[in-house]
S.K.: 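Below: one structure in C-alpha cells.
Just so you know, these numbers come straight off a predicted model, no measurement behind them. First the proteins, then the strands, lettered A, B, ... as listed; each starts at 1. These numbers come from the heavy atoms of this one structure, side chains and all, not from hydrogens, waters or symmetry mates.
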Protein chains: 2
Amino acid sequence: MVSVITAMQPLEHIMEELEQAEGLEALQAATEALCDHYGIDHVVYHWVDSVGGQYGCGTYSDVWRARYLELNYVRVDPVILGCFQRFHPVDWKRLDWSSKAAKSFQAEAIEYGVGNQGYSVPIRGPNGQFALFTVSHSCNDTWWADWTEAHRRDLILIAHYFNQKALEFEPDRKPEQSQALSPREVDSITLLAMGYSRAQVADTLSISEHTLRVYIESARFKLGAMNTTHAVARALSRGLIVV
Amino acid sequence: MVSVITAMQPLEHIMEELEQAEGLEALQAATEALCDHYGIDHVVYHWVDSVGGQYGCGTYSDVWRARYLELNYVRVDPVILGCFQRFHPVDWKRLDWSSKAAKSFQAEAIEYGVGNQGYSVPIRGPNGQFALFTVSHSCNDTWWADWTEAHRRDLILIAHYFNQKALEFEPDRKPEQSQALSPREVDSITLLAMGYSRAQVADTLSISEHTLRVYIESARFKLGAMNTTHAVARALSRGLIVV
DNA sequence: TTTTCACTCCCCAGAAATGGTGAGGTGTAA
DNA sequence: TTACACCTCACCATTTCTGGGGAGTGAAAA
C-alpha cells in the first residue's frame, strides 16, 4: 500500500490543502489526513439536505453509509436532531439517547464501526443549509474529554472550511431557492407560520383577504410550494422568515 | 483616561474571557479589547433579527448606531445583504455597492466614523438566527488585505464565540422544549411539511385519512398549535422534524 | 421612457381541512 | 394489573383554502 509511505501531515498543511481544495476527492482526502493526524477512528463531513437526502465525505464504512441512507436514519439519529437545535459543537454524550429508537441506532452504529465517542459541529449556510462535521473514536471518557478540549477550536475552523468547500462545489443546491420574497409576502407567510388563519392575517395586515391570497399564491409560486403549509415550511427552512 | 494603563491583552486571553463571559458587558469589553489588540478602529458583533430589530455590541459610536436603527439601515446596508447570502467571511470591497442607496449609505457611514475598510463574518444559529461579526478600519487596501489574510481564521473563531454567548444570553430563543412527537406524528408532520396533502400523506403512510387526522391533531395539541400550518412551523423551528 | 414589479382590490365554485365524538387493538411501564 | 401512550378506523356538518379569472396604482429599474 502506498499510504504506508505518506508521512503524517501537520494540521497547518491539511488546513491549507482544504482551503485550496477543488473537488470532493480533496475533501475526502482531507478527512483521511485528519484521521491520521489526530490518530482517531473517524472524521466525517455531511450535508443534511432538505429532502432528507444527504451528501458528504468521511471515513465511515460504505456499508454503514448505505444503511444509514437506506433506513433514513437522519430522522432518528440523535446527533442530527441534537445539533439541529444547537449552535455550539456538542459531545455525543450530552445528546438525548433516551428513546428506544436512539438506543438501537447507537448500538447498530457501533456495530458498524462508528466510535463510542463522538463530537459534532453543526454548521449552517445561507438558505437554511445545514451540515455536520463529526469526529468519532473508540476510547474511554477521560481520553475523549481531554482530546476534544484540546482541539475544539481547530474543529470549528475545519468544519467551517469543509462547509465552505461543499457550498462551492454544490452550486445547484441553492439556485432556484434564491428567489426572495417581497416584504408583504414575508409578512403574510410569517403570520401564517404563527398560526393565524387567512382571515386573521388579512385583518392584522389591514388588507383584504383577496389581496392576502395574492401574496400567498405568489409566495407559493416563488418557493415552488404546493400549498400554504409547504410554502411556510420552505420559507422557514430557507431562513426567509423567522417565527 | 484609565484605559491608558490597561496593557494590550494577548489574543488567547481575550478568547478565554470571551468563552467565560457571563453578560453583555463582557462581550462589549471583548470588542474593545480586540480593537486594542489588533490596533484597528472597530470591532462589532450584532444580531440581525428578522423584524429588523437588532442587538449587539461593538465600538461604533452611539450616534451612528442610533441613526442606523432609526433609519432602518438593515434593509439598505450591503454588508447585511451580502453576508446574508454568503457563508464565508467577506471583505467589504467585494460586496455590491452599486446602488444609489448603498453609495450614500457608505458615505454616511464613513462620516460617522466607520472605517473605509471592513471585513464581516456571517454567523447562523438555530431557527434562522443570523448575526454578523465585523472588523473595520481606516487604511489603504494593501495593509487591509495583509491584515485580513493574517487573521481570517481567528476572526471566524471569535465570531463563533460571540454568537455562542449571544445565544446563551438570549433565553427566549430556546425555552420551550415541548413534548416530543410520536414516530407516526413525526412522519405525518414531516410529509405535510414536504407539501403533501392529507390524502397523499395518508396514502404514503398507508393509513386512512381519518387516522392521519388523529396524528395531526395530537401533534397539534402537543405543539400548542392552532392549525396544521402552525404545527408544521413549530415542529420545524423546534427541530423536531427535518425537512 | 418603457417595462417590470410590488401592492391593492373584486367574483365564483369546487376541493380540502377542521372540530367534535366515539371505539377498539397493541405494547410498555408502574 | 392497571394505567398510559400509541396506532388504527368511522361519521357528521361547517369552515377554510384553492384555482381560475380581471384591473388599477405607484415606484424603481433598464
Side-chain angles (χ1 to χ4, degrees), chain A residues 75-76 98-104 178-235 240-241, chain B residues 75-76 78 81 96-105 178-233 240:
Chain A
R75 308 222 184 280
V76 180
S98 60
S99 87
K100 212 169 44 181
K103 286 199 184 81
S104 69
S178 46
Q179 187 77 281
L181 299 181
S182 80
R184 264 338 212 181
E185 284 159 3
V186 172
D187 293 343
S188 307
I189 298 292
T190 303
L191 289 166
L192 288 171
M194 299 191 330
Y196 293 107
S197 70
R198 292 207 312 204
Q200 291 174 306
V201 174
D203 200 53
T204 307
L205 296 178
S206 305
I207 56 176
S208 77
E209 203 175 321
H210 310 282
T211 303
L212 174 66
R213 275 183 48 195
V214 178
Y215 297 149
I216 300 177
E217 274 175 47
S218 77
R220 207 168 51 213
F221 181 73
K222 288 181 181 175
L223 296 165
M226 314 170 83
N227 53 48
T228 303
T229 301
H230 195 194
V232 167
R234 291 205 149 175
L240 301 174
I241 64 171
Chain B
R75 306 230 179 272
V76 180
L81 270 13
D96 175 23
W97 297 91
S98 60
S99 88
K100 211 166 47 184
K103 287 201 183 79
S104 69
F105 168 78
S178 62
Q179 255 187 95
L181 301 180
S182 79
R184 274 322 223 188
E185 285 159 2
V186 172
D187 294 342
S188 307
I189 299 293
T190 303
L191 289 167
L192 288 171
M194 299 190 334
Y196 293 105
S197 70
R198 292 208 312 202
Q200 291 173 305
V201 174
D203 201 52
T204 306
L205 296 178
S206 305
I207 55 176
S208 78
E209 204 175 321
H210 308 284
T211 304
L212 174 66
R213 276 184 47 196
V214 178
Y215 296 149
I216 301 176
E217 275 175 46
S218 78
R220 208 170 49 212
F221 181 73
K222 287 181 183 175
L223 296 165
M226 311 169 86
N227 53 46
T228 303
T229 301
H230 195 194
V232 167
L240 301 175

S.K.: Could you tell me the separation between the CD1 atom of A/I207 and the P atom of C/dC10, rounded to a whole number of Å?
M.R.: 11 Å

S.K.: From the list C/dG19, C/dC9, C/dC12, which nucleotide is the closest neighbour of the side chain of A/R213?
M.R.: C/dC12

S.K.: Side chains of residues 186-195 of chain A: which donor-acceptor partners sit under 3.5 Å, not counting sequence neighbours?
M.R.:
| from | atom 1 | to | atom 2 | distance (Å) |
| --- | --- | --- | --- | --- |
| A/S188 | OG | A/R184 | O | 2.8 |
| A/T190 | OG1 | A/V186 | O | 2.6 |

S.K.: Closest-nucleotide mapping onto DNA chain D: is A/T228 or B/P183 further toward the 5' terminus? I mean the 5' end.
M.R.: B/P183

S.K.: Does a nitrogen or oxygen in the side chain of A/K222 sit under 4.0 Å from OP1 or OP2 of C/dC5?
M.R.: no

S.K.: Is A/S208 near enough to C/dC9 that one of its side-chain N or O atoms lies under 4.0 angstrom from OP1 or OP2?
M.R.: yes

S.K.: Closest approach to the side chain of A/V214, judged atom by atom: which nucleotide of C/dC9, D/dC7, D/dC17 is it?
M.R.: C/dC9

S.K.: Between B/H210 (NE2) and C/dT21 (P), how many Å, whole number?
M.R.: 18 Å

S.K.: Contact class for B/S218 vs. all strands (heavy atom < 4.0 Å): base, sugar-phosphate, or nothing?
M.R.: nothing

S.K.: Using atom names, set out every protein N or O paired with an N or O of nucleotides 25-30 of chain C below 3.5 Å, distance rounded to 0.1 Å.
M.R.:
none

S.K.: Check whether any side-chain N or O of A/T211 sits under 4.0 Å from OP1 or OP2 of C/dC9, and answer yes or no.
M.R.: yes

S.K.: What is the nucleic acid contact for B/S197, judged by heavy atoms within less than 4.0 Å: base, sugar-phosphate only, or nothing?
M.R.: sugar-phosphate

S.K.: B/M226 and B/H230: which non-hydrogen atoms are nearest, and at how many Å?
M.R.: N-ND1, 3.0 Å

S.K.: Just to confirm, is there a sub-4.0 Å distance from OP1 or OP2 of D/dC6 to any side-chain nitrogen or oxygen of B/Y215?
M.R.: no

S.K.: Could you tell me which residues satisfy side chain to side chain contact (heavy atoms under 4.5 Å, CB included) with A/S104, sequence neighbours excluded, listed by chain and number?
M.R.: none

